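First comes the structure, then the notes that go with it.
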Amino acid sequence: MTTHAGSPPEVEQLLDVFKALANPVRLRILGWLRDPVENFREERGPVEVEAGVCVTHIQAKAGLAQSTVSAYMASLQRAGLVRATRLGKWTHYRRDEEWIARIVEILGHSL
C-alpha cells in the first residue's frame, strides 16, 4: 500500500481498492460476485454459495486464462474486496460485504 504523509489510514486503504477496481474486468468480476447464483448459473457446479464461486467458474465466465483470473482475484483479495476459501485443490471467492460497506461509508465522509 502506498502511503502519503498526513493521510488518514482508512483513506490510504482506499488507494488499494481504487487500484483493484481500475481494471474493468476486475470490476465486472466483483459485480458478478454480488449475486453468484444469478451470475454463475451456467458455470456453477454443486458448490454451496457460502463457500463462494470457484475460480474455474470465474475463469469460464470471464473467458480469460486461469493465470490472469488468479492474478485478478489476488488483486481483489489484497484490496480486501473478496475473501478466498480453499476447498480441496480449488479456491472459491466471495465478496467481503462488510469491507465494501465500510468503503462506501468512508467515501461518504471523505469526498
Side-chain angles (χ1 to χ4, degrees):
M1 177 175 1
T2 307
T3 58
H4 299 284
S7 296
E10 288 183 325
V11 172
E12 292 299 325
Q13 289 175 304
L14 290 178
L15 295 176
D16 288 336
V17 171
F18 292 146
K19 288 175 190 174
L21 296 178
N23 178 290
V25 176
R26 289 192 297 255
L27 184 59
R28 195 172 312 124
I29 290 169
L30 193 62
W32 292 337
L33 292 174
R34 184 175 200 160
D35 186 356
V37 172
E38 178 65 29
N39 291 307
F40 292 95
R41 184 174 300 170
E42 295 175 18
E43 292 84 2
R44 290 187 62 80
V47 177
E48 294 186 31
V49 174
E50 291 80 31
V53 176
C54 182
V55 70
T56 60
H57 300 310
I58 297 169
Q59 175 192 354
K61 187 163 181 83
L64 299 170
Q66 184 272 331
S67 59
T68 301
V69 172
S70 291
Y72 284 173
M73 298 313 296
S75 176
L76 291 170
Q77 188 175 7
R78 277 191 304 276
L81 295 165
V82 298
R83 292 183 181 226
T85 302
R86 290 285 291 186
L87 295 176
K89 65 179 183 172
W90 304 110
T91 303
H92 293 71
Y93 293 94
R94 61 185 167 80
R95 289 166 42 119
D96 185 338
E97 297 296 345
E98 208 172 285
W99 174 232
I100 292 170
R102 182 71 183 127
I103 291 166
V104 171
E105 183 182 332
I106 294 167
L107 286 174
H109 291 9
S110 299
L111 297 179

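Bear in mind that the values here come from a model prediction, so they are computed numbers and not experimental data.
- The two residues Ala84 and Gln77 make their nearest non-hydrogen contact at CB-NE2, 3.5 Å.
- Linking Ile, Leu, Val, Met, Phe, Trp and Tyr whenever their side-chain heavy atoms come within less than 4.5 Å leaves Trp90 and Trp32 in two separate clusters.
- Here the straight-line distance linking atom CD1 of Ile100 with atom CD of Glu98 works out to 11.0 Å at 0.5 Å rounding.
- Leu87 approaches Ala51 most closely through the heavy-atom pair CD1-CB, 3.6 Å.
- In this structure, Tyr72 and Leu64 have side chains that are in contact, with non-hydrogen atoms separated by less than 4.5 Å.
- Note: Leu30 CG to Asp96 CG = 10.5 Å, rounded to the nearest 0.5 Å.
- Atom CZ of Arg34 has 12 or fewer heavy atoms from other residues, nucleotides or ligands within 6.0 Å.
- Val25 and Leu81 fall within the same hydrophobic cluster, where Ile, Leu, Val, Met, Phe, Trp and Tyr residues are linked whenever their side-chain heavy atoms come under 4.5 Å apart, directly or through other members.
- Between Val69 and Ala62 the shortest heavy-atom distance is CG2-CB, 4.5 Å.
- Between Trp99 and Gly80, the closest heavy-atom pair is CD1-O, 3.0 Å.
- Leu33 places a side-chain heavy atom less than 4.5 Å from the side chain of Met73.
- Hydrophobic clustering places Leu107 together with Val17 (ILVMFWY residues linked when any side-chain heavy atoms are closer than 4.5 Å, directly or through intermediates).
- Here the shortest heavy-atom pairing between Gln59 and Ala65 reads NE2-C, 4.0 Å.
- Taking each heavy atom of Ala20 and Leu76 in turn, the nearest pair found is CB-CD2, 4.1 Å.
- Legend: residues meeting salt bridge (charged side-chain N to carboxylate O under 4.0 Å, His left out) with Arg95, ordered by chain and number and at least two apart, are Glu97.
- Partners of Glu38 under the side-chain contact (heavy atoms from CB on, under 4.5 Å) rule, at least two apart in sequence or in another chain, are Asp35, Arg41.
- Partners of Gln66 under the side-chain hydrogen bond (donor to acceptor under 3.5 Å, both in side chains) rule, at least two apart in sequence or in another chain, are Ser70.
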